[in-house]
Amino acid sequence: MRKSLLFYLSLLSSIFYFTFPSNAISSCNGPCQTSDDCDGQLICINGKCNDDPNVGTNICSGGSSPSPPEGNCQPSGNLTCGDNSYPTYTCSPPESSSTDAQLTLNDFSEGGDGGAPSECDESYHAKSELVVALSTGWFAGRSKCGSMIRISGNGRSVTAKVVDECDSMHGCDSEHANQPPCKNNIVDGSDAVWEALGLDKEEGVVPVTWSMA
């Protein structure tokens, strides 16, 4: 009787083990429910782990793996927008005298893609104004509101005023013009900033460096 009981207990243990495996990290095209289920910088899209189109990685299409985030700034969570899941950040890469960033284009005017008025002054800003928003980590809880930063790219540089946060924690709502959270290395510039640097606004995203002016 004891041997039979031990046999059945062993059999039940095996069934539970194979039926309920531990949470695994999925690679390219692996199953997922959120981006936490995906390896590295992959995100969960339509139930499968894939490259994040906003980062531009090509891990699943045969490209090389990206280097670890500078300063070990890791995602703090994920925000699901429709069928897509985006990493959220409370931090940004360390600042220096020439901090690498991605310059994006933002319309800070009323009705523009900036959504609500700028956080620093509760005002809208014309496309002709030299203004920027910074990712949450660099914005540092409004501590850079009103500060001037120098942005360099395309062989030129321009000084612009920090008026807003490019929110790396929230998005996909009316306050954020239904856009996903910002990456953690964004300088979101007005038309005037792009024009001063002689950049093609159709590109949408270009690498730059920035520092406090």
Side-chain angles (χ1 to χ4, degrees), residues 35 40-41 43 51-57 66-81 84-108 112-122 125 129-153 157-173 175-194 197 199 201 203-213:
S35 291
Q41 290 190 344
I43 64 171
D51 289 310
D52 186 342
N54 290 313
V55 173
T57 54
S67 57
E70 184 180 356
N72 200 32
C73 176
Q74 300 290 343
S76 59
N78 293 279
L79 180 66
T80 300
C81 303
N84 297 331
S85 181
Y86 298 92
T88 57
Y89 296 88
T90 58
C91 57
S92 289
E95 295 175 36
S96 67
S97 59
S98 182
T99 306
D100 289 326
Q102 296 292 314
L103 178 68
T104 53
L105 180 63
N106 189 24
D107 182 357
F108 293 86
D113 55 16
S118 297
E119 185 171 341
C120 292
D121 56 11
E122 293 297 323
H125 296 271
E129 293 185 60
L130 292 165
V131 293
V132 298
L134 296 177
S135 290
T136 294
W138 288 335
F139 190 66
R142 299 171 61 96
S143 67
K144 288 191 175 69
C145 277
S147 297
M148 304 299 292
I149 68 170
R150 183 171 300 280
I151 307 158
S152 300
S157 65
V158 63
T159 300
K161 184 179 181 179
V162 178
V163 297
D164 206 356
E165 173 185 13
C166 194
D167 200 332
S168 305
M169 286 293 297
H170 310 96
C172 305
D173 54 23
E175 182 181 349
H176 299 86
N178 297 309
Q179 297 186 57
C182 283
K183 297 301 176 184
N184 67 341
N185 62 341
I186 298 298
V187 174
D188 205 19
S190 63
D191 280 52
V193 170
W194 280 69
L197 294 173
L199 296 169
K201 287 178 281 189
E203 292 188 42
V205 182
V206 295
V208 295
T209 60
W210 73 275
S211 63
M212 300 304 297

Checklist outcome for this item: Rounded to the nearest 0.5 angstrom, the CD-OG distance for Glu129 and Ser190 is 8.0 Å

Checklist entry - Strictly by modelled atom types, are Asn184 and Ser92 linked by a side-chain donor-acceptor pair under 3.5 Å? => result no

Checklist outcome for this item: Distance col, row Leu197:CG vs Leu103:CG, nearest 0.5 angstrom, shows 6.5 Å

Item to check | Minimal non-hydrogen separation, Met212 against Ile149, with atom names | outcome: SD-CG2, 3.9 Å

Checklist entry - Nearest 0.5 Å, what's the CG-SG distance between Asp121 and Cys145? => result 8.0 Å

Item to check | Heavy-atom pair of closest approach, residues Cys120 and Arg142 | outcome: O-NH2, 3.6 Å

Item to check | Between CG on residue Asp191 and CG on residue Leu199, distance to nearest 0.5 Å | outcome: 11.5 Å

Checklist entry - Above 12 or not: heavy atoms from other molecules or residues under 6.0 Å from NZ of Lys161? => result no

Checklist entry - Is the side chain of Thr209 donor-acceptor paired with the backbone N or O of Ser98 at a distance under 3.5 Å, no angle test? => result no

Checklist outcome for this item: OG1 of Thr136 to NZ of Lys183, rounded to nearest 0.5 Å, is 12.5 Å

Checklist entry - Backbone N or O of Val162 within a donor-acceptor pair of the Ser147 side chain at under 3.5 Å? => result no

Item to check | Residue from Val187, Ile186, Asp188 passing side chain to side chain contact (heavy atoms under 4.5 Å, CB included) with Asn106 | outcome: Asp188

Checklist entry - Is there a side chain to side chain contact (heavy atoms under 4.5 Å, CB included) between Asp100 and Asn185 once you walk through the steps? => result CA-CA 8 Å; Asp100 289 326; Asn185 62 341; over 6 Å; no

Next on the checklist: Ignoring hydrogens, what is the shortest heavy-atom contact between Gly189 and Phe108? Give both atom names and the distance.
Outcome noted: C-CE1, 4.0 Å

Checklist entry - How far apart are the closest heavy atoms of Val131 and Ala160, and which atoms are they? => result N-CB, 4.2 Å

Checklist outcome for this item: For Trp194 and Val205 the tightest heavy-atom approach is CH2-N, 3.9 Å

Checklist entry - Which atoms form the tightest heavy-atom contact between Cys166 and Ala133, and what is the distance? => result N-CB, 3.8 Å

Checklist entry - Atom CG in Leu79, atom CE in Met169: separation rounded to 0.5 Å? => result 9.0 Å

Next on the checklist: Has Asp167 got a side-chain atom pairing as donor or acceptor with Pro181's backbone, closer than 3.5 angstrom?
Outcome noted: no

Checklist entry - Does the side chain of Trp210 come within less than 4.5 Å of Val132's, by heavy atoms? => result no

